[in-house]
Amino acid sequence: MLGNFSYHNPTKLYFGENALDFLNEELPKYGKKVQLVYGGGSIKKNGIYDSVVEILKSNGKIIFEDGGVMPNPTADKLREGAKIAKDNDVDLLLAVGGGSCCDYAKAVSVSAYCNDDPWEKYYVRFEEPDCKIIPVGCVLTMAGTGSEMNGGSVITNHEQKLKIGHVFGDNVMPKFSILNPKFTMSLPKRQMTAGIYDIFNHICEQYFSGDDDNTSDYLAEALMKSVVHSSLIAIDNPEDYEARSNIMWTATWALNTLISRGKTTDWMVHMLGQAVGAYTDATHGMTLAAVSLPYYRFILPYGVAKFKRFAQQVWNISAEGKTDEQTALEGLAAMEDWMKRLGLTLKIGELGATEDMLEGIADATLILDGGYKVLSREEVVNILKASL
Ligand code: NZQ
Ligand code: ZN
């Protein structure tokens, strides 16, 4: 573990079939006014809304409804939510939903009392909050983003055609998150698999960087193996609690800052995927799946040793009698087979991207320098073309 770092994660987790009961332990810690953040209605269909409202009422809370948070929450919706929070002086933002609701609640928490436009301040200028921050709690209904235990908050601005993430600090991370794997059972298969690929890619983004011997990489390999194993059970039997519970737990550990310790981290698949998302509003995990293979095949020569290790450790590929590059490529081929078994979208064209958008998508792609190769703009365009 080279370098210097600190590690602290303030989010308390409650996990398992009875996890929602613990909302009763958390609620008394906050004032009476709760802004109930949720999405397009899935929680009303599967009964989670009723269960949560009952607990809020039995704890004497006054509820301020803030539904209709869309997948890939927008800057306009953020401004609306911030107004509800400020006008009603709410004491707690309770997000009940997937990553979009959790991300949005975090954004509202730092925007309600912000004197500036929150999009400009946090997502364009990347400034840190200097106003009162409202506490956030989450009841998670979709496994994937890790938003339940991190400071990430991704907001989309359709007018500017930008989808940008801000990673806030400890003071914005959820105070608690409730993880009941049963709550994810009503997810459509496509959302389940998008979430699974999101988890896997979060791990890849941190793993494919650096060349030192680093405990984070061993943890990453274990998490990747668990995701692959459980995903193949869940794709055949989505009702398998054991598999779904492992997927949910792995999602949290894939992106709660643990496995990035001592790593420079890459994140270019996410930068490409988010830019595609800004143009197509497509499901996050699918945007990642569609750009991953062209990206990894392109950077492989710059990080052969790590891609070889990935092939051997995660996909059980033998290196005997092969060059390092051959072994490494076989690892990516095994990953592609797995992605196909899950039915992931492997082309951005299938997500609504068209050739005439590629230059704009390239402009919207932030280029980062933590991975094995710093891309030029031309290389970004080439990867997008290969993903089309
Ligand atoms: O809106 P509702 O009706 O609830 O439906 C949602 C939505 O349509 C549905 N859903 C969620 N739980 C369900 C369910 N449907 C049936 N049963 C359930 N139990 O699934 C759809 C997708 O939900 P969403 O919250 O958008 O998905 P996800 O969890 O993948 O979140 C995506 C957002 O998170 C951001 C993404 O960019 C995107 O904006 N990310 C956040 C990160 C972070 N905080 O660190 C990192 C990620 O890389 C990601 O960028
Ligand atoms: Zn992601």
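When a ligand or atom number is given, it counts from 1 through the structure's own listing order.
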Side chain, backbone, both or neither: the part of [X] lying under 4.0 Å from ligand 1 by heavy atom:
{"X": "Ile48", "answer": "neither"}
{"X": "Leu255", "answer": "side chain"}
{"X": "Thr141", "answer": "both"}
{"X": "Met70", "answer": "neither"}
{"X": "His202", "answer": "side chain"}
{"X": "Leu187", "answer": "both"}
{"X": "Phe183", "answer": "backbone"}

Any cation-pi pair here, Lys373 with Phe298, using under 6.0 Å and within 45°?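 No - Lys373 does not lie over the ring of Phe298 by the 6.0 Å and 45° rule.
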
Work out whether the distance between some heavy atom of [X] and some atom of ligand 1 is less than 4.0 Å.
{"X": "Lys163", "value": "yes"}
{"X": "Asn72", "value": "yes"}
{"X": "Gly97", "value": "no"}

Report, in ascending order of atom number, the atoms of ligand 1 lying under 4.0 Å from any heavy atom of Gly40.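 Those qualifying, in numeric order: 1 (O), 2 (P), 3 (O), 4 (O).
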
Kindly indicate whether atom 21 (C) of ligand 1 is approached by any protein heavy atom to under 4.0 angstrom.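 True for atom 21 (C) of ligand 1.
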
Give me the nearest non-hydrogen protein atom to atom 16 (C) of ligand 1 as residue plus atom name, then the distance to 0.1 Å.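 Closest protein heavy atom to atom 16 (C) of ligand 1: Ser186 O, 3.3 Å.
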
